[in-house]
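No hydrogens, no waters, no symmetry mates; every other heavy atom, side chains included, goes into these values.
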Amino acid sequence: MGAEREVTLKVGRELVVGSAQLEGAEIIVRPEPKAKRIIIKLAGATVFAKGNDLHVTSSGSSGKKFVLTLGEKHATAWAAAIKNPKSVLSKLGVDKVKTLRIVGDPASASFEADIAKLEGLTLEKSGDAWDACLLFITKNAELSKLASLVKPLTAPRTFVWVVYAKGKTDPREADVRAAGLALGIVDVKVASFSETHTALKFTARRK
């Protein structure tokens, strides 16, 4: 679902207040004040929404139960998204553009195969004539490539996704966000690219 939501999480007798983010096959809860994040794995889990709450029972013999109070609208939406997950291309909005540029190596045969199936999509290897761009990076130094991708964002509805490994310190999400802000563009969404990679979306700053 990308954006973080305020949440109250109940795990047994423990109550945690903070923010939650649905990213791919897991829910990431960041407690406030700052504490170690809680990761709720969704693979094989039982999930349903009831009123303001999203109920998650993890798979396995332990069957740990989590109750996330998100508000009725978001609890219902998250339950539906978990049960019927969107494809990566749909989450990134790539299935709705006409021209796409890919910078770096996706290192994913399945992703490249899915891209090839999209009808009417033109892949651009260089230049500024694109609607969307995916920038794949493996370290902070490669964030310098983002500078050459800013100009096309002045066109309406264009965007760039920066894709990088989850849980690494090089780069961190804060590093990716800071690189974009320094160039005058703004991050607007987070999405899971795969079990190992996440993505941050940038657009031009609205005036």
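I38 places none of its side-chain heavy atoms less than 4.5 Å from the side chain of I27. Residues V11 and K64 are in side-chain contact: their nearest non-hydrogen atoms beyond the backbone lie under 4.5 Å apart. Counting heavy atoms from C-beta outward, F66 and V47 have side chains that stay 4.5 Å or more apart. E142 places none of its side-chain heavy atoms less than 4.5 Å from the side chain of Y164. A heavy-atom distance below 4.5 Å is not found between the side chains of L54 and V67. Taking 4.5 Å as the limit, every side-chain heavy atom of S58 sits out of range of all side-chain heavy atoms of K41. Counting heavy atoms from C-beta on, the side chains of R101 and V103 come closer than 4.5 Å.
Here the CD1 atom belonging to I137 is positioned 11.0 Å from the NZ atom belonging to K139, to the nearest 0.5 angstrom. To the nearest 0.5 Å, atom CD1 of residue I82 and atom OG1 of residue T46 are 11.5 Å apart. Note that CZ of R37 is 6.0 Å distant from CZ of R30, once rounded to the nearest 0.5 Å.
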Please report, to 0.1 Å, the donor-acceptor pairs under 3.5 Å made by any side chain of residues 146-160, with sequence neighbours excluded.
{"from": "S148", "atom 1": "OG", "to": "K145", "atom 2": "O", "distance (Å)": "2.9"}
{"from": "T154", "atom 1": "OG1", "to": "K151", "atom 2": "O", "distance (Å)": "2.8"}
{"from": "T158", "atom 1": "OG1", "to": "P152", "atom 2": "O", "distance (Å)": "3.1"}
{"from": "T158", "atom 1": "OG1", "to": "L153", "atom 2": "O", "distance (Å)": "3.4"}
{"from": "T158", "atom 1": "OG1", "to": "A155", "atom 2": "O", "distance (Å)": "2.8"}

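Between V163 and A199 the shortest heavy-atom distance is CG2-CB, 4.0 Å. Contact record, A132 with V97: CB-CG1, 4.1 Å, taken as the closest heavy-atom pair. Taking every heavy atom of both residues into account, R205 and V186 meet most closely at CA-CG1, 4.0 Å. Here the closest heavy-atom approach between residue S192 and residue S194 is recorded as OG-O, 3.1 Å.
Ring pair F136/F193 is perpendicular by interplanar angle, where above 60° counts as perpendicular and below 30° as parallel.
A side chain to side chain contact (heavy atoms under 4.5 Å, CB included) with L9 is found for exactly one of V17, L15, V29, namely V29.
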Intermediate values then yes/no, side-chain hydrogen bond (donor to acceptor under 3.5 Å, both in side chains), T99 and D131: CA-CA 5 Å; T99 54; D131 302 316; 3.1 Å; yes

Any chance you could lay out the side chain to side chain contact (heavy atoms under 4.5 Å, CB included) test for I115 and L121, step after step, and finish with the verdict? CA-CA 8 Å; I115 285 288; L121 178 67; 4.3 Å; yes

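Under 3.5 Å, the side chains of T69 and N52 contain no donor-acceptor pair of N or O atoms.
For the pair D175 and R172, the salt-bridge criterion is met [side-chain N within less than 4.0 Å of a carboxylate O]. A salt bridge links E173 with R177: the distance from a Lys NZ or Arg NE/NH1/NH2 to an Asp or Glu carboxylate oxygen falls below 4.0 Å.
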